[in-house]
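Shown next, in structure tokens, is the structure this report addresses.
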Amino acid sequence: MRLLSIMNRTHLLLIMVVLIVWTGVLFFVMQWEVYDNIDEVLQYRKTKLVQDIRKEGKLPANSPYHDFQITLIDSNPPDKNDSYQDTLLYKSTTSFDEYRRITSYFEFDNSTYRLRMILPHLEEDELIDTLAYTLPLLAVMILLGFSIANWQINKRAWRPFYQVIEHFKTFSVDKGVVISFDRTSIKEFKELQAGVKELMARNVLVYEQQKQFTENASHEIHTPLGIIQSKIELLFQQQLTRKQGEILSELYTATTRLSKINETLLLLTRIENNQFADKSEVEVRNMVDEVIPFFDEHAAKYQIKTRVDIASSEKIYANSTLLSILVTNLLKNAFIHNKMGGEVTIRVENKTMRVINTGDASIVPVSKVFDRFFTERPGRGGLGLGLAIVKSICQVNNWDVDYHQHDSTHEVAVRY
Amino acid sequence: MKILAVEDEESFLNSIQEYLHAEAFVCHGVTTFREGVKQLSCNQYDCVLIDITLPDGNGMDLVDEVKGINEQASIIILSAKNSLDDKVNGLNRGADDYIVKPFHLSELNARIKAVTRRNNATQGGNKLEFSNIIFHNDDCFVTVENRPVSLTKKEYSVLFYLAENKDRVVSKDVLCAHLWGDRIAKDESFNFLFSHIKNIKKKLKEANAAVTLRTAYGWGYQLRTKM
């Protein structure tokens with residue numbers, strides 16, 4: 001949920017609660033005010049009427065057109081004070097009006113009379129109706145006003161904040177781009193921009209230094225290795241005894257292996273440092289078709305059937321160097337850990353690449369398959385880095401990779 | 001052929017010079033950018049090998065110098081950085097090839113021949129003659145006295161590599177790396193190489209090629225003209 005939505009929601013909820021409470025209060029206050037007012041009028045009219053009667057010296061005749069009624073009472077009333085009641089008068093058989101009635105007693109000609117006078121007043125229903133119409137209108141107006149205000153705030157005041165977020169999304173440390181923000185007058189955002197800018201600059205710097213270090217280290221190791229290799233190559237050209245040749249050959253094999261390890265570790269570092277950032281739509285079928293021939297001899301020797309199940313239109317958005325390494329390592333793995341007369345299948349469909357091979361039924365520890373330097377059968381020529389590289393490539397691309405085994409069938413699936 | 005090698009590591013430079021010397025190439029070696037420029041201005045070279053990291057300058061800038069002084073010379077960049085940026089950058093600036101350290105001297109030798117052949121291939125196409133064998137490099141096939149020999153792609157690749165490094169013992173590690181890179185397991189690759197060599201020998205013999213493909217005990221192979 002967006003920050004502004006949370007704030008809007010909280011505000012609106014609060015306004016709703018306040019409005020509801022306020023409606024109740026308003027209802028009771030208005031009701032009290034109406035009664036107070038009407039009772040005052042009744043009181044005044046009663047006093048005036050009694051004064052008039054006394055002044056004129058006779059009682060007015062009761063008439064249905066009057067809003068008062070004077071009755072002679074025989075016994076003394078229990079309470080001579082004025083009292084007010086609500087009363088209903090039927091207009092017809094179905095509807096009635098609410099009236100306020102005053103009951104009062106006065107002495108005239110040594111007799112006690114009861115005076116009842118009525119006045120229509122604002123009905124409760126009408127009051128509720130009025131509130132029911134006006135308050136939602138108020139709520140709608142507040143809501144509308146709020147939305148417009150927030151929209152404006154969102155557009156103006158919060159813009160630097162969303163700009164920072166946008167920069168974070170597109171920020172890539174290997175691009176080394178110094179970003180620039182729009183000027184803002186809000187203190188918090190100024191600080192945020194400065195902080196983010198410094199953080200990004202430092203990241204770019206650290207990244208550059210690390211890249212430099214990795215490259216330098218690799219260079220430093222490569223140079224002596226290159227010298228050793230070249231000297232052995234020169235020695236090969238001398239007249240050698242069989243024994244000397246064999247020793248030299250083993251030295252040479254070990255040296256190339258060492259330089260392979262160095263190169264592979266460097267590759268891993270570079271993948272993790274995201275130094276293969278150039279991506280494009282790569283045609284997988286073509287790529288696989290180019291890699292497969294390298295395993296021809298292996299397939300022939302072990303009578304392994306190779307199945308490529310990829311539509312020629314299938315494309316993966318990736319760095320082509322890395323994708324090629326991924327495909328090669330998966331296939332290499334599938335061929336090496338195969339059996340006589342086995343099968344290797346590579347299938348790409350539904351955004352998933354599967355490399356399936358027949359092999360041993362012995363259980364491979366799933367958690368270790370992608371570990372560096374893990375080899376099931378050491379000394380088989382592999383460094384145990386192939387699947388570690390596959391995992392690294394998947395990680396930098398945010399792809400899922402997992403390994404399954406059903407009896408003697410092994411499968412590595414990459415969901416891209 | 002005249003070659004200039006600019007490489008700051010003297011020991012490595014010596015190896016290059018010695019290997020190329022046996023090829024009957026004249027190979028001048030210098031260790032700095034400044035000496036490189038000096039040599040370029042007083043000699044005509046067919047090929048210049050440039051190390052990117054030099055003590056007094058960037059090898060990339062030397063590529064520009066070569067292009068300015070000695071335009072027809074082929075350029076090969078020797079780099080310890082296997083980075084695509086450098087490769088693209090180098091080739092864009094006018095280098096002909098890019099080889100990553102540590103490389104095999106036989107590989108460097110093959111690359112030198114390839115780029116100079118490509119640059120001189122205006123007449124007669126991209127061909128290599130060795131004894132009575134002709135390599136048609138554009139179409140990857142071999143003829144012995146005008147009769148084609150049916151070699152597979154990999155067999156052609158091995159034989160061509162050996163011909164480029166004729167009379168030398170080329171280690172089986174090098175040949176395997178040439179054919180498969182590190183795509184297949186090493187012990188397996190030696191066996192596959194062995195069977196490819198066996199097939200090549202058989203086919204050359206049937207075609208009456210006047211060459212000897214010698215196995216140097218267990219460590220390498222050598223292609224020589226038949227005495």
Side-chain angles (χ1 to χ4, degrees), chain A residues 211 215-216 218-234 236-238 240-243 245-246 248-250 252-253 255-257 259-260 262-264 266-267 270 275-276 278 291 293-298 300-301 319 321 328-329 331-332 335-336 379-383, chain B residues 8-16 18-19 22 51-53 78-86 88 100-108 152-154 167-174 176-177 179-193 195-196 216-220 222:
Chain A
K211 199 167 141 183
E215 279 173 7
N216 289 347
S218 143
H219 179 73
E220 294 306 323
I221 295 170
H222 269 166
T223 308
L225 271 175
I227 293 168
I228 296 171
Q229 234 177 51
S230 68
K231 297 299 173 194
I232 298 174
E233 241 181 310
L234 289 177
F236 270 131
Q237 312 310 326
Q238 311 298 314
L240 299 175
T241 65
R242 188 193 182 106
K243 190 71 203 159
E246 275 165 11
L248 218 48
S249 179
E250 277 169 33
Y252 198 71
T253 305
T255 315
T256 46
R257 187 179 157 87
S259 78
K260 201 83 255 164
N262 186 39
E263 228 166 82
T264 310
L266 176 65
L267 176 69
R270 291 173 62 215
Q275 286 177 41
F276 294 92
D278 289 338
V291 176
F294 288 107
F295 302 102
D296 282 351
E297 293 91 344
H298 199 102
K301 182 178 172 190
N319 178 281
T321 311
T328 307
N329 284 359
L331 285 174
K332 179 180 178 180
F335 277 102
I336 288 178
R380 206 127 174 216
L383 300 173
Chain B
D8 66 331
E9 198 64 45
E10 217 166 330
S11 174
F12 194 58
L13 184 64
N14 289 339
S15 300
I16 294 173
E18 196 177 332
Y19 196 92
D51 181 17
I52 289 200
T53 43
L78 320 176
S79 172
K81 303 177 187 176
N82 185 8
S83 87
L84 198 65
D85 289 352
D86 275 357
V88 171
V100 181
K101 288 182 195 172
F103 48 78
H104 307 290
L105 293 175
S106 50
E107 176 73 23
L108 177 66
T152 66
K153 235 180 179 169
K154 279 179 187 138
D167 302 330
R168 317 296 184 77
V169 177
V170 180
S171 147
K172 58 187 181 183
D173 285 281
V174 175
C176 286
L179 281 186
W180 295 287
D182 58 339
R183 289 177 191 85
I184 65 174
K186 197 137 226 170
D187 50 351
E188 294 280 15
S189 69
F190 288 159
N191 293 332
F192 300 150
L193 178 67
S195 60
H196 282 314
Y217 302 123
W219 70 84
Q222 184 184 34

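Order of the sequence lines fixes the chain letters, A, B, ..., with proteins taken first and strands second; residue numbering starts at 1 for each chain. When reading the values below, keep in mind they use all heavy atoms of this one structure, side chains included, and skip hydrogens, waters and symmetry mates.
- Across A:S249, A:G245, A:G226, the residue that shares the most heavy-atom pairs under 4.5 angstrom with chain B is A:G245.
- For B:R183, there are no salt bridge (charged side-chain N to carboxylate O under 4.0 Å, His left out) partners two or more places apart in sequence or in a different chain.
- If you check the side chains of B:K101 and A:T223, you find no donor sitting under 3.5 Å from an acceptor.
- Ranked by heavy-atom pairs shorter than 4.5 Å toward chain B, the options A:Q237, A:E250, A:K301 are led by A:Q237.
- Under the rule for a salt bridge (charged side-chain N to carboxylate O under 4.0 Å, His left out), the partners of B:K154 that lie at least two apart in sequence or sit in another chain are A:E297.
- For A:T328, the part sitting under 4.5 Å from any heavy atom of chain B is the side chain, from C-beta outward, and nothing else.
- Contact count versus chain A (heavy atoms, under 4.5 Å) is highest, among B:R168, B:H104, B:Q222, for B:H104.
- Neither the backbone nor the side chain of A:L331 comes within less than 4.5 Å of any heavy atom of chain B.
- Of the inter-residue distances, the one linking B:L193 atom CG with B:S195 atom OG reads 8.0 Å to the nearest 0.5 angstrom.
- Residue B:I16: no heavy atom, backbone or side chain, is found under 4.5 Å from chain A.
- Contact of A:S259 with chain B is made through the side chain alone, with heavy-atom distances under 4.5 Å.
- Contact of A:E246 with chain B is made through the backbone alone, with heavy-atom distances under 4.5 Å.
- Rounding to the nearest 0.5 Å gives a distance of 4.5 Å between OG of B:S106 and CD of A:E233.
- The CZ atom of B:F192 lies 5.0 Å from the CD1 atom of B:I184; values are rounded to the nearest 0.5 Å.
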